[in-house]
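Working notes for the structure below.
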Amino acid sequence: MNKIEIPSDIAGPAPRHLTTQVMVGNVAVGGGAPIVVQSMTNTDTADIQGTIDQVAALSRAGSEMVRITVDRDEAAAAVPHIREALDKQGITTPLVGDFHYIGHKLLAEYPACAAALDKYRINPGNVGFKSKRDSQFADIIEIANKNNKAVRIGANWGSLDQELLTKLMDENALSPNPKDVRAVTREAMVQSALLSAARAQELGMPKNKMILSAKVSAVQDLIAVYQTLASRSDYAIHLGLTEAGMGSKGIVASSAALGILLQQGIGDTIRISLTPEPGGDRTLEVQVAQELLQTMGFRTFVPLVAACPGCGRTTSTTFQELARSIQDFIRIEMPTWKTQYPGVENLNVAVMGCIVNGPGESKHANIGISLPGTGESPAAPVFVDGEKFRTLRGPTIAADFKALVIDYIDQRYGKGSKTPEVVTAAE
Ligand code: SF4
């Protein structure tokens, strides 16, 4: 029988595409810095308190930059008050202003807004039209330069520069080997971002003040566009699938597209553009972004809970309830734990439904529990650092396991941390 060779380098992402580092407030983007998670509010920015609350919630959830809409006078006037109130709460998360159509005017007429923001997002497809486009773009770059701010030049499939697209379509029609319309549109997306960046450089903006994006709503188009963009430049790159959608569709589409690009070393900052459920929690987009980066091994944010999917061997809802309760508990406690228990984000917890994979998976975790499946005796062995530690029984299994997790965290990551006593006190 032939021996199967297992290559030693089978796993792991490609080296990061080396980009020029940009400082956005106190956050480094690109140039090998950790991939930054960002998000966007959906409040009316003129609603100062509502926006403060949502930025604070996004920031607490782990968003390292937050974008806010600046669409009219009232919104621009509100920005410095929002910044001031966040600073008073100790929230230093950089704010990015999202400008369309009249960004040049708002930034000029509201200098306190221009000063309070850490980055301006410009859409080259709607910064201005015909003869006004160049001058309005130049006005924004000039204000950014004067205030020493970064910009994101963000092309978008839904508002692509129509003059550029028409020009490329005309050239393509005359070509002996014309490409299909989709390929030309992808090219227009890339060129729109790169030509605007070149124009900004001509206007005196250094490369280390610019981040580029070219967002598309279809996964394959997005991958192709960003691969081309990365191959032609070394600007820092903001990744995101635009109009990703709601619920699992949005999460799956964003993860598929961004996962492939990140694996290829492309992307310095990401946003997951989820449509929230009515009344839903906006911070879900931050959670998904963090989980994408963590499950791919790029960063660690929160302890991971491994749980089996459950099956016909799962006897009751105890298993799902415990997995959910541990996961929620960890997320809620994380903001406090981050300061109290340095390194706790590396913790792995396993919650398993029966003896088939339960003990094995639990042994791989720092702390894991294998709940009894159908026909098993009503006992739940707990494993700590690969060793069986204790067997839980009775109606308080969930609460008892949670207490063991807390003990483990305290002893492993708390002040004067040591090998957890739970290990030495194992059965
Ligand atoms: S560990 Fe047990 S309960 Fe969970 S999926 Fe596997 S067989 Fe089913």
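Values reported hereafter were calculated over all heavy atoms of this structure, with side chains retained and with hydrogens, waters and symmetry mates removed. For reference, positions follow the sequence shown, starting with 1.
One N or O on the side chain of Asn346 and one on the backbone of Gly343 form a donor-acceptor pair closer than 3.5 Å. Put simply, the side chain of Tyr413 never gets that close to the backbone of Gln340: no donor and acceptor are under 3.5 Å apart. Remark: the backbone N or O of Gly154 is paired with a side-chain donor or acceptor of Arg121 at under 3.5 angstrom. Looking only at distances, a side-chain donor or acceptor of Arg299 sits under 3.5 Å from a matching main-chain atom of Ile35. No donor-acceptor pair closer than 3.5 Å links the side chain of Gln327 to the backbone N or O of Leu322. Listed for the Arg232 side chain is no donor-acceptor partner under 3.5 Å among the backbone atoms of Gln191. When atom types are taken as modelled, the side chain of Thr51 and the backbone of Ala46 share no donor-acceptor pair closer than 3.5 angstrom. Under the 3.5 Å distance criterion, the side-chain polar atoms of Gln38 are left unmatched by any main-chain donor or acceptor of Arg67. Distance alone, capped at 3.5 Å, is enough to place a donor-acceptor pair between the Gln294 side chain and the Val302 backbone. For the pair Gln162 (side chain) and Leu160 (backbone), a donor-acceptor distance under 3.5 Å is present.
Cys308 and Met352 get closest at one heavy-atom pair: CB-CE, 3.5 Å. Nearest heavy atoms, Met296 versus Gly259: CE-O, 3.2 Å. For Ala114 against Asn147, the heavy-atom pair with the smallest separation is CB-ND2, 4.0 Å. Across Val96 and Met65, no two heavy atoms sit closer than the pair CG2-SD, 4.1 Å. Heavy-atom minimum distance, Ala193 versus Leu229: CB-CD1, 4.3 Å. Nearest heavy-atom pair across Thr69 and Ala75 is O-CB, 4.1 Å.
Applying the side-chain hydrogen bond (donor to acceptor under 3.5 Å, both in side chains) rule to Asn172 yields no partners; only residues at least two apart in sequence or on another chain are considered. Partners of Arg133 by side chain to side chain contact (heavy atoms under 4.5 Å, CB included), not counting sequence neighbours, listed by chain and number: Val127, Asp161, Glu163. Under the side chain to side chain contact (heavy atoms under 4.5 Å, CB included) criterion, Ile260 pairs with Ile223, Gln264, not counting sequence neighbours. By the side chain to side chain contact (heavy atoms under 4.5 Å, CB included) test, Ile91 is found to be paired with Ala56, Ser59, Leu86, Gln89, Thr93, residues two or more places apart in sequence or in another chain being considered. Not counting sequence neighbours, the partners of Pro206 by the side chain to side chain contact (heavy atoms under 4.5 Å, CB included) test are Asn145, Asn208, Lys209. Asp73 is linked by a salt bridge (charged side-chain N to carboxylate O under 4.0 Å, His left out) to nothing, counting only residues two or more places apart in sequence or in another chain. Residues forming a side-chain hydrogen bond (donor to acceptor under 3.5 Å, both in side chains) with Asp281 (at least two apart in sequence, or on another chain): Thr283. Listed by chain and number, the residues in a salt bridge (charged side-chain N to carboxylate O under 4.0 Å, His left out) with Asp71 amount to none (sequence neighbours excluded).
By the 4.5 Å heavy-atom criterion applied to side chains, Arg152 and Ser213 are counted as neighbours. Residues Thr43 and Asp53 have side chains not in contact (no heavy-atom distance under 4.5 Å, counting atoms from C-beta outward). When side chains are defined from C-beta on, Asp234 does not count as touching Leu18, because their heavy atoms never get closer than 4.5 Å. Val22 places none of its side-chain heavy atoms less than 4.5 Å from the side chain of Tyr235. In this structure, Cys113 and Val70 have side chains that are in contact, with non-hydrogen atoms separated by less than 4.5 Å. In this structure the side chain of Ile211 reaches within 4.5 angstrom of the side chain of Lys119, judged on heavy atoms. Side-chain contact check for Val79 versus Tyr110: every heavy-atom pair is 4.5 Å or farther apart.
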Stepwise side-chain contact (heavy atoms from CB on, under 4.5 Å) test for Ser233 and Leu194: CA-CA 8 Å; Ser233 75; Leu194 290 176; 3.7 Å; yes
Evaluation steps, side-chain contact (heavy atoms from CB on, under 4.5 Å), between Arg412 and Val344: CA-CA 8 Å; Arg412 174 87 184 249; Val344 70; over 6 Å; no
Going by atom type alone, with no hydrogens or angles, which donor-acceptor pairs under 3.5 Å involve a side-chain atom of residues 359-368 and a protein atom two or more places apart or on another chain?
unit_1	atom_1	unit_2	atom_2	d
Ser362	OG	Gly358	O	2.7
Asn366	OD1	Asn348	N	2.7
Asn366	ND2	Tyr408	OH	3.4

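A salt bridge between Asp118 and Arg83 is present, with a side-chain N of the basic residue lying under 4.0 Å from a carboxylate O of the acidic one. Of the charged side-chain nitrogens involved, none lies within less than 4.0 Å of a carboxylate oxygen, so that Lys146 and Glu142 do not count as a salt-bridged pair. Between Arg324 and Glu321 there is no salt bridge, since none of the side-chain N atoms of the basic residue sits less than 4.0 Å from a carboxylate O of the acidic one. Salt bridge annotation for Glu285-Arg271: present, with a cationic side-chain nitrogen under 4.0 angstrom from a carboxylate oxygen. Salt bridge Arg390/Asp400: absent, no basic N to carboxylate O contact under 4.0 Å.
Evaluation of the side chain to side chain donor-acceptor pair (under 3.5 Å) test over residues 17-33, restricted to residues two or more places apart or in two chains, returns Thr19-Asp268. For residues 239-252, the pairs satisfying side chain to side chain donor-acceptor pair (under 3.5 Å) are Asn156-Thr242, with sequence neighbours left out. Evaluation of the salt bridge (Lys or Arg N to Asp or Glu O under 4.0 Å) test over residues 102-113, restricted to residues two or more places apart or in two chains, returns Lys105-Glu109.
Side-chain polar atoms of Glu333 and Tyr341 form no donor-acceptor pair below 3.5 angstrom. For the 3.5 Å distance criterion, the side chains of Arg282 and Ser39 fail to qualify, holding no donor opposite an acceptor.
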